Amino acid sequence: GGGGGGPLRTQPGVATPRQDAPPAVDLTGTKLDGTARHIAVTGTDHATLLAFMSSGCTTCAAFWKEFSRNADLQLPGTDTRLVIVTKSLEHESEAALASLAPPHIPLVMSSTAWEDFAIPVSPYFILVDGASGRIAGEGSATSWRQVRSLLTQAMADSEAATTRRRNDGDAREQRADEQLRRAGIEPGHPSLYPDGAPEAGDGA
């Protein structure tokens, strides 16, 4: 693969992914109506794409429009959820957000999340792999098409790495079984249980 700063390749003038990205954390903040909202992004069986946006940033305007207009955004990966994250109301215009927020996409206002993920610019996109809790890809972009291609690549890299790790583990286990078999030790052999077979004995 190519060297350099992580799986995302960004356009000139666009923030590049950080080598020292913080670990992913679940989101806690409020909805537009002021009620509390908690969104789990780790320990889930799906990926979550976090779109860190602001009502006042000019580059964000294209994304607000795209998200409102397009219900099928063709998110990278299978069953990936999109969540918009803005700062809390002391940094945002409630009226502007109310007019921009797409009704079909969850929005959480949380300045804490911006700090937790150390967001450098807006708009900024972070793809969290829910199962591992790792950030699979991140970066800034100026168009949704750009974001989608960057994150599709990141998702493919992440899935390949997961498959590789899983296969390595399986292969190690098979090699160990094979070595034991060659030594004449089959599953259930007494030498595997020096303190007696697992069902015998009461742990004393």
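The chain is numbered in sequence order, starting from 1. Predicted model, so just to flag it, every value in this text is computed and none were measured.
- Pairing each heavy atom of Leu150 with each of Ser140, the nearest pair is CD1-O, 4.3 Å.
- Closest approach of Thr44 to Ala40, counting heavy atoms only: CG2-O, 3.7 Å.
- Taking each heavy atom of Thr59 and Ala141 in turn, the nearest pair found is CG2-O, 3.9 Å.
- Rounded to the nearest 0.5 angstrom, Phe52 CZ and Cys57 SG are separated by 13.5 Å.
- With Asp116 as reference, Val25 is the one residue of Asp26, Thr28, Val25 to meet the side chain to side chain contact (heavy atoms under 4.5 Å, CB included) rule.
- Between the Trp144 side chain and the Leu73 main chain, a donor and an acceptor come within less than 3.5 Å of each other.
- Atom CE of residue Met109 and atom CD of residue Glu94 lie 6.5 Å apart, to the nearest 0.5 angstrom.
- Checking Glu92 against Thr86 by side-chain atom types alone, no donor-acceptor pair falls below 3.5 Å.
- Between the CD1 atom of Ile84 and the OG atom of Ser54 there is a distance of 12.0 Å, given to the nearest 0.5 Å.
- Separating the CD1 atom in Ile135 from the CD1 atom in Ile126 is a distance of 4.5 Å, to the nearest 0.5 Å.
- Rounding to the nearest 0.5 angstrom, the gap separating the NZ atom in Lys87 from the CE atom in Met53 is 14.0 Å.
- When side chains are defined from C-beta on, Thr48 counts as touching Leu50, because their heavy atoms get closer than 4.5 Å.
- Looking at Leu100 and Phe67, their side chains never come closer than 4.5 Å, going by heavy atoms from C-beta outward.
- With a 4.5 Å cut-off on side-chain heavy atoms, Leu107 and Leu32 count as touching.
- Side-chain atoms of Gln146 and Thr142 form a donor-acceptor pair, as typed in the model, at a separation below 3.5 Å.
- Side chains of Asp72 and Gln74 form a contact here, defined as non-hydrogen atoms less than 4.5 Å apart.
- For the atom pair NZ of Lys31 and CD1 of Ile39, the computed distance is 9.0 Å after rounding to the nearest 0.5 Å.
- Within the 4.5 Å cutoff, side-chain heavy atoms of Val108 are placed close to those of Val83.
- Put simply, the side chain of Ser99 gets close to the backbone of Ala96: a donor and an acceptor are under 3.5 Å apart.
- Between the side chain of Thr30 and the backbone N or O of Ala36, no donor-acceptor pair lies under 3.5 Å.
- Side-chain contact between Arg37 and Leu27: absent, with no pair of heavy atoms (C-beta onward) separated by less than 4.5 Å.
- In terms of heavy atoms, Leu127 sits closest to Ala47 at CD1-CB, 4.3 Å.
- Nearest approach of Trp64 to Ser55, heavy atoms of both residues: NE1-CA, 4.1 Å.
- The two residues Arg148 and Thr152 come nearest to each other via the heavy atoms O-OG1, 2.6 Å.
- Outside the 6.0 Å centre-distance limit, the rings of Tyr124 and Trp114 are not counted as a close aromatic pair.
- Of the possible polar contacts, one joining the Ser111 side chain to the Ser88 backbone as a donor-acceptor pair under 3.5 Å is found.
- Using cut-offs of 30° and 60° on the angle between ring planes, the pair Phe125 and Phe63 is tilted.
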